[in-house]
Each structure stands twice: as C-alpha cells, then as structure tokens.
Amino acid sequence: MNANSLFNSGLIAAQQPSWPDAAAVKSAVAELESFPPLVFAGECDNLKKRIAQAASGEAFWLQGGDCAETFVGATADSIRNRIKTILQMAAVLQYFSSLPVIKVGRMAGQFAKPRSNDNETRDGLTLPAYRGDAVNDIEFTKESRTPNPKRLVQVYNTSAATLNLVRAFTQGGFADLRQVHSWNKGFAADARFSARYEEMANEIGRALQFMQSAGVDPESFKSVDFYSSHEALILEYEKALTRIDSRTNNPYDVSAHFVWIGERTRQLDGAHMDFAEKIHNPIGVKLGPKTTAEDVSAIIKRLNPSNEPGRLTFITRMGAGLIREKLPSLVEAVKKSGSVVLWVCDPMHGNTYEAPSGYKTRKFDDVLDEVRGFFEVHKKLGTHPGGIHIELTGDDVTECVGGGDQISHEDLATRYESACDPRLNHTQSLELAFLVAEMLRDHKK
Ligand code: PEP
Ligand code: MN
C-alpha cells in the first residue's frame, strides 16, 4: 500500500538535488513504488527491541561501513570484507565486554551525501557537487554531474543485491562464531592485531567447545542478525519505499532496518523530520557540537513522544576537542526528560581535516580520543555509552592517518579510494575494536 499521503509535502527538504527533469523523477518514483520491500517491518521491530536493550546498557551497538557506497564498489569481495570486518570487531567487543553486540552495516543503501556546497569548481569550470551515486557520478564532467533520477532505481537494485549477499553470509553459516578464525584470512595482517585476534579466536573456540559439551546446540551459533542502515536523505527514494505494514497498519521505510537523519537535515520544521516522525522504524538523529539541550528535548518530543523503547538513537559527532564540553548538557537534558534514548558515538565526522596534500583525512588518535571522551561523560553522568558509528572498509586503504601501521600524510596517496569521507581500514578498525572493548570492560566495573 502506498504511504505518500502521510507526508506533509509543503515542507522544505534540505540537501535535495535539483533534478533537471521532473517527468523522469516521477517515473523513477513510480517504478520504486512497484518494487517489493528490501526489509520487513517485523525485522525493524526486532531491531527496536535490541536498541532498547543497548539503551539500558544490556547490549552494545556497532554500526559501520562506507561514508558513501558506490555502484562499482558493490562487489562480492568488497561486501564480504566489510561484513568480515564488522563481525571481527563485534567478536572483539563481545568477547571482552560480555555484552551482546548489535551489528549494523552502513550498507545496502548508503548512496546519498549531503554537501556543504551545491557546486564544485575546478580550473574555472563549475559543476554540481557529487551527491553520491544515488544522484550523480563522481567524474567531473557536465554529463556525469547532472542529477539523474534513474540512479534511484539503481540504488534499489544495488541495495537488493548487497542485502542478498549480507543475508547469505550472515544466515548461511559464514558468520557462525565457530568461523571466527577464518574471518582473519585474506587480510594483509598487521602482526600485532592479528596475533591478538588469533589468541582471542582460540579462546572463543574453546568456549564454544565447552558450551557444546555442556549440551548447547551448535546450530544456535550458525546465524547472526545483521541489520542495514543509511542516512534517509533523498526523500523521493525513502518515501517511495515507505509502505503500510499489513500486520500493524503502521508505515515503515522498507529501504533499511534503521535510518538516520543527518546533522544538516534535522531542522524541526523541515521535511526530513516530518518523514522520520511518520515512519515506525527505529530512527537515528546526528547531533553536532552546536546542538542545544532545547534541540534535544524538541527532537524527543517530536520523534518519540510516547517514549517507546528503542525508537530513538542519538548519534553524537562533536569532535575529539569538544565532546567532553558539549555532550554533558545534552545527556542531562535527556535524563531530565525521562526519555529512553540510545547514545551512540560517531567519532568520525567531527574530526575531519585536510592534509597538506589536499586529501580529506582523520587522525586515528582523534577518533579514539572522541570515543574515550564519550565514555568519560557517560561514566560521570551514570548513563550508558551505547555504541559506536564508524566509517570503515575491510580493504587496506590509506585514508585515515595513524593507527598501528602509522599511516602518514605522505602515505595517503598510496591507496585513497573513498568517494567521500576517509574510512578506517581493516587494521585500524580492528585496533579500534580492541581499544573500545577495553573501555567497555572498564565502564562495566
Ligand atoms: C555521514 O554520516 O556521512 C554524514 C554526512 O554525517 P553528518 O550528518 O553527521 O555530517
Ligand atoms: Mn561521512
């Protein structure tokens, strides 16, 4: 059933492309509306229950993937390496904290990007900015950069193919905890972290054998829940994939299990907030350093007036230098409201800078320090540091500096592949997981 009439069409939607051909948009939307759902409402509800657990400190949220997925990047190898990386990080976090980890990919739909400038100028030529493969192509020609709504249909198809592989990997035995050793194969391993990882994998193996000998059915290790998520940015796409669930009669955005509203589109009177309010998925909202306690209260009132557990996640992205100063008043405001939210730390988006060579980068130490600050604030206020939100890839790229491999500014050119923001590579991701696992274990003491 079509759900388009639910939304207030008179509101301003920030960060939308200027599609040159309105008829082509209409026909892409009609096609999307005829497609089957990518996820089921019941799965979104299950995720909500798990988010509620994380909000009360009984689980930990791990969300990771590309800043911007690309159509050409949706290969079996790339998807498998991202899943493996997330599964490895989850195993590390779970092993050291003894908390269940909710695994969420910034995957199978993360194709659209907000931009600070509508246009980009190179050598005197000004063209529309790249807004993600959902909108245009990154190549700097007039033809490539012109927004093309047919791409929205390709987003659906690429998301479906990605999700199909995700489901095969996570339900078909590949994600079985007994495979924890094999996830390390194929990665150009950094000796320090892979040795630590192998040691942990051995111990997990022993624990599983013990459980099996005690009568636990080994089949129960076979499949894991893995959820999809992306920023709900291009509203034509998200609305076309919003359907009324026949079980509950409620609308769900069936393009992903979890969607979030970005820092640049969360205006209270804007179309994205209206969209988020109407759908019944679990929702995230990004909060940058300018967020006030009043903003937070207003968002809660708007998106979760009935205080439904698991409905609302705040993803803070303050920057390492500001997290300890800016987060406390927001957490206090939520505490005062009596509302249950999941607090997640995005240590990426407040820590981006331009390297002397011109590459956009992030320092591993800043990423780590922001997570540390996040844990410190929650410790002080008696609240739960519920999870992390990371831009990562399973490949050995050189996009963020530092970490065990000591990637330098000069190294960035070696393998910089991101279509948008710099991602942690496989080793940096694993290293971060070990360090966050320590924080999580200490927090529970
Ligand atoms: C992102 O998550 O890639 C992003 C653009 O984040 P934010 O809205 O926090 O800037
Ligand atoms: Mn990003």
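Both ligands and their constituent atoms are indexed starting at 1 by order of listing. Count residues from 1 along the sequence.
Protein heavy atom nearest atom 9 (O) of ligand 1, with residue, atom name and distance: R317 NE, 2.6 Å. Protein heavy atom at the shortest distance from atom 6 (O) of ligand 1 is K286 NZ, 2.9 Å. Nearest non-hydrogen protein atom to atom 1 (C) of ligand 1 is H349 NE2, 3.0 Å. Taking atom 8 (O) of ligand 1 as the reference point, the nearest protein heavy-atom neighbour is E263 N, 2.9 Å.
Each of the following atoms of ligand 1 lies closer than 4.0 Å to a heavy atom of R106: 1 (C), 2 (O), 3 (O). The contact set between ligand 1 and R264, taken as ligand atoms under 4.0 Å from a residue heavy atom, comprises 5 (C), 10 (O). Counting atoms of ligand 1 from 1 in the listed order, those under 4.0 Å from a heavy atom of G262 are 8 (O). The atoms of ligand 1 that sit less than 4.0 Å from any heavy atom of C67 are 3 (O).
Residue contacts with ligand 1, taken as heavy atom pairs separated by less than 4.0 Å, do not involve C420 at all.
A cation-pi contact, defined as under 6.0 Å to the ring centre and within 45° of the axis, links K363 to Y353.
Between E120 and R115 there is no salt bridge, since no side-chain nitrogen of the basic residue lies less than 4.0 Å from a carboxylate oxygen of the acidic one. Using a 4.0 Å cut-off between charged side-chain N and carboxylate O, K113 and D133 make no salt bridge. Remark: R362 does not engage E370 in a salt bridge, criterion side-chain N to carboxylate O under 4.0 Å. Salt-bridge check for E231 with K286: failed, with every basic side-chain N at 4.0 Å or more from each acidic carboxylate O. Using a 4.0 Å cut-off between a side-chain N of Lys or Arg and a carboxylate O of Asp or Glu, R80 and D77 qualify as a salt bridge. Ion pairing between a basic and an acidic side chain is recognised when a charged N comes within 4.0 Å of a carboxylate O; D442 and K379 show no such pairing.
In terms of polar-atom proximity, H389 is not counted as a contact of ligand 1, lacking any N or O under 3.5 Å from an N or O of the ligand. For a threshold of 3.5 Å applied to N or O pairs, the pair formed by K113 and ligand 1 contains at least one separation below that value.
In this structure the side chain of N46 never reaches within 4.5 angstrom of the side chain of F40, judged on heavy atoms.
Between L38 and R167, the shortest heavy-atom distance links the atoms O-NH2, 3.3 Å.
Between the Mn ion (ligand 2) and the N, O or S atoms of E391, the shortest distance is to OE2.
At a 4.0 Å cut-off, at least one heavy atom of E391 sits close enough to ligand 1 to count as contact.
Rounding to the nearest 10°, we obtain 90° for the angle at the Mn ion (ligand 2) between D421 OD2 and H349 NE2.
The Mn ion (ligand 2) has C67 among its coordinating residues (N/O/S atom, backbone or side chain, under 2.8 Å).
Exactly one of Y237, F111, F35, F71 qualifies for a ring-ring contact (aromatic ring centres under 6.0 Å, His included) with Y156. That residue is F35.
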